[in-house]
Amino acid sequence: MDWVSVSQLKERIGQEVELRGWLDGKRSSGKLHFLQVRDGSGVVQCVMFRGDVDEATFQRADHLAHESSVVVHGSVKADARSPIGVEVSAKGFEVVHESEEYPITPKEHGVAFLMEHRHLWLRSSRQRAILRVRAEIIAAVRSFFDDRGFVLVDAPIFTPAACEGTTTLFETDYFGEKAYLTQSGQLYMEAAAMALGKVYCFGPTFRAEKSKTRRHLTEFWMVEPEVAYFTLTEDMVLAEEFLEYVVSRVLERRRPELALLERNTAALEKVKAPFPRLSHREAVALLLEKGVPADENDDFGAEQETVLAQSFEKPVIVHRYPAVCKAFYMKKDPADPSRALCMDVLAPEGYGEVIGGGQREDSLEALESEIRRHALPMEAFKWYLDLRRYGSVPHAGFGLGIERTVAWICGLPHVRETIPFPRMLEKITP
RNA sequence: UCCUCGGUAGCUCAGGGGUAGAGCGACCGGCUGUUAACCGGUUGGUCGGGGGUUCAAAUCCCUCCCGAGGAGCCA
């Protein structure tokens with residue numbers, strides 16, 4: 001008898017099969033049991049009639065806790081009442097391990113309880129759908145860059161100093177020296193772009209900020225492309241094509257998961273390049289028009305970002321922020337040196353910033369002066385400055401936060417469900 | 001770090017000075033088509049910790065701990 005996954009059952013109608021999985025649910029009606037068996041590929045109902053199995057097996061199935069691991073032998077039958085179109089008539093039934101009383105029940109639970117049981121919560125249908133969409137997004141990200149001639153270059157996790165200097169870093173002891181967990185692979189990608197032209201890194205990043213919101217994690221995954229000879233305009237085009245590709249691929253391959261999550265896919269269908277683009281000054285004007293206070297020389301706050309994003313059905317690109325709000329490596333706009341050649345992509349439906357990036361400063365003198373202005377240790381950036389000594393070229397790139405992208409595409413209110421084991425402010429278990 | 005709300009049964013919550021409650025879960029029983037099954041019964045408590053006020057505190061006060069939402073900052 002063949003071991004078959006639930007997802008393959010439709011091709012096995014009329015055949016005897018073996019299923020290996022977990023008892024996802026159970027209902028009983030006197031002389032028959034309805035056993036929902038989950039094996040990772042799906043859930044199928046196994047119907048066990050008293051008389052089809054020996055009495056001991058029938059009793060065993062009647063007194064079995066949720067999540068007990070089981071092996072079922074039976075024949076596959078088409079059934080219109082089944083959500084997946086098939087059922088299994090159980091003939092044999094083996095308990096691999098009898099579960100203790102399972103803490104997560106079909107009824108409602110609070111977020112705190114579910115997060116404490118994250119290792120078990122992953123088994124529930126919504127969480128399985130989210131993890132599959134996350135995996136699809138990551139696969140799409142890699143295909144997009146791989147297919148366009150980008151080379152994957154891994155950035156280090158241990159770094160000797162702040163990449164941006166402004167945000168808090170996790171400090172570790174590195175053989176008696178201070179080292180920090182990376183908050184961005186960008187500076188290393190700039191070096192790699194000078195070697196390979198088009199590169200990207202994809203890995204975890206760490207921010208020790210005491211942020212306590214639905215958009216923040218202390219450990220999150222980021223993809224960061226960097227391209228030699230790219231300017232801001234080309235960077236924005238790349239970001240648009242990239243987001244369009246990722247969203248369309250999820251729509252193409254993960255419809256059932258999006259349906260289970262009750263995601264409004266019509267909103268996602270609209271994510272087609274080009275996106276609306278506003279300079280920071282234009283965005284401020286739009287906000288003032290809508291009666292929202294805004295300042296041309298200030299960064300946007302949460303409310304302003306939300307209003308901007310809700311003004312459009314597609315993601316919106318805001319570029320040329322005031323240079324004073326931005327990191328030291330951002331190139332100034334030659335047409336207006338008070339502006340940085342940077343851009344943010346704000347996702348629609350209130351999901352906020354999913355991409356941040358821009359053109360990098362390529363002049364040695366300008367970069368040195370910015371490092372001094374930000375009071376950063378020049379010595380730590382010696383190697384980075386070398387990139388401006390030996391064949392410096394215009395270049396640009398951006399970073400996309402995977403978890404915010406997953407939250408947006410899945411329509412989730414909080415990033416904590418978008419990563420298998422979230423690391424948040426004062427939360428490191430399980 | 002700051003602001004707001006919360007912590008009572010395994011879970012979700014009600015009770016806000018005078019005998020500790022409900023639904024779900026679990027357990028026992030019934031039912032040959034259940035989909036969060038249904039019906040009957042049983043079980044279930046350090047009311048977050050400590051201190052105070054009071055004849056009497058889950059309830060009022062102080063303090064600490066934990067959780068949720070928001071701000072700033074960011075992806």
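A note on names: the letters A, B, ... follow the listed sequences, proteins ahead of strands, and every chain is numbered from 1. Just so it is clear, the structure is predicted and the values come from calculations on it, not from any experiment.
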Protein-nucleotides 41-43 of chain B N/O pairs closer than 3.5 Å?
none

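- Side-chain proximity of A/Arg404 to the nucleotides B/C31, B/C74, B/U34 is greatest for B/C74.
- Each of B/C31, B/C74, B/A36 was ranked by its minimum atom distance to the side chain of A/Arg215; first place goes to B/C74.
- The 12-atom threshold is exceeded at CD of A/Glu349, counting heavy atoms of other residues, nucleotides or ligands nearer than 6.0 Å.
- An aromatic stack links A/Phe220 and the base of B/A75, using centre distance under 5.5 Å and interplanar angle under 30°.
- B/G18 and B/C5 are spaced 29 Å apart, taking the C1' atom of each and rounding to whole Å.
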Interface polar pairs with nucleotides 7-13 of chain B, N/O, under 3.5 angstrom:
{"from": "B/C11", "atom 1": "O2'", "to": "A/Glu108", "atom 2": "O", "distance (Å)": "3.1"}
{"from": "B/C11", "atom 1": "O2'", "to": "A/His109", "atom 2": "ND1", "distance (Å)": "2.7"}
{"from": "B/U12", "atom 1": "OP1", "to": "A/Gly110", "atom 2": "N", "distance (Å)": "2.9"}

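- At a threshold of 4.5 Å between non-hydrogen side-chain atoms, the residues A/Tyr188 and A/Cys201 do not count as touching.
- When the C1' atom of B/A75 is taken as reference, atom CH2 of A/Trp408 falls 14 Å away, rounded to whole Å.
- Under 4.0 Å is where a charged nitrogen must lie from a carboxylate oxygen, and between A/Lys77 and A/Asp79 no such pair does.
- Summarising the geometry of A/Gln304 relative to A/Pro293, their closest heavy-atom pair is NE2-O, 2.7 Å, with the distance given to 0.1 Å.
- Taking only distance into account, the side chain of A/Arg27 never meets the base of B/C31 through a donor-acceptor pair shorter than 3.5 Å.
- In a base pair of the Watson-Crick type (N1 to N3 plus N6-O4 or O6-N4) or a G-U wobble (N1-O2 and O6-N3), with each distance short of 3.5 Å, B/G18 is matched with B/C55.
- Relative ring orientation between A/Phe242 and A/Phe398 is described as tilted, the plane-to-plane angle lying within the 30° to 60° band.
- Ion pairing between A/Arg60 and A/Glu98 holds under the 4.0 Å rule for side-chain N and carboxylate O.
- For A/His63 and B/C28, the shortest distance from a side-chain N or O to OP1 or OP2 is below 4.0 Å.
- Put simply, A/Lys212 has a side-chain N or O that comes within less than 4.0 Å of OP1 or OP2 on B/A68.
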Side chain to side chain contact (heavy atoms under 4.5 Å, CB included) for A/Thr418 and A/Cys410? Distances and angles first, verdict last. CA-CA 9 Å; A/Thr418 65; A/Cys410 289; over 6 Å; no

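- Remark: B/A36 base-pairs with no nucleotide in the shown strands. Criterion, Watson-Crick or G-U wobble with two distances under 3.5 Å.
- Here B/A71 presents its C1' atom at 13 Å from CD of A/Gln304, a figure rounded to the nearest Å.
- In this structure, A/Arg214 places its CZ atom 17 Å from C1' of B/C73, rounding to the nearest Å.
- Between A/Thr213 and A/His66, the residue whose closest nucleotide on RNA chain B is further toward the 5' end is A/His66.
- Looking at A/Glu226 and A/Arg360, a side-chain N of the basic residue comes within less than 4.0 Å of a carboxylate O on the acidic one, giving a salt bridge.
- Within the nucleic acid shown, A/Leu217 comes within 4.0 Å of at least one base atom, counting heavy atoms only.
- Counting to the nearest Å, the P atom of B/C66 and the CD atom of A/Glu116 are 13 Å from each other.
- Mapped onto RNA chain B by nearest heavy atom, A/His216 and A/Ala302 fall at different nucleotides, with A/Ala302 at the one closer to the 5' end.
- Note on A/Lys326 versus A/Glu370: no salt bridge recorded, every NZ/NE/NH1/NH2 to OD/OE distance being 4.0 Å or above.
- A salt bridge links A/Glu269 to A/Arg255: at least one charged side-chain nitrogen sits closer than 4.0 Å to a carboxylate oxygen.
- What separates CG of A/Leu169 from P of B/A75 is a distance of 13 Å, to the nearest Å.
- Checked against salt bridge (charged side-chain N to carboxylate O under 4.0 Å, His left out), A/Glu289 has no partners two or more places apart in sequence or in another chain.
- Regarding the sugar-base torsion, B/G17 falls in the anti class, its angle being beyond 90° of 0.
- Nucleic acid contact for A/His414: sugar-phosphate only, since backbone atoms but no base atoms lie under 4.0 Å from a heavy atom of the residue.
- Nucleotide B/A71 has B/U1 as its partner under the Watson-Crick or G-U criteria, with both atom distances under 3.5 Å.
- Atom CD in A/Glu209 sits about 14 Å away from atom P in B/A71, given to the nearest Å.
- Within 4.0 Å (heavy atoms only), A/Phe49 reaches at least one base atom of the nucleic acid.
- Rounded to an integer number of Å, the gap from A/Phe300 CZ to B/A75 C1' is 17 Å.
- Counting to the nearest Å, the P atom of B/U34 and the CG atom of A/Asp79 are 11 Å from each other.
- B/G23: Watson-Crick or G-U partner is B/C11, with both key distances under 3.5 Å.
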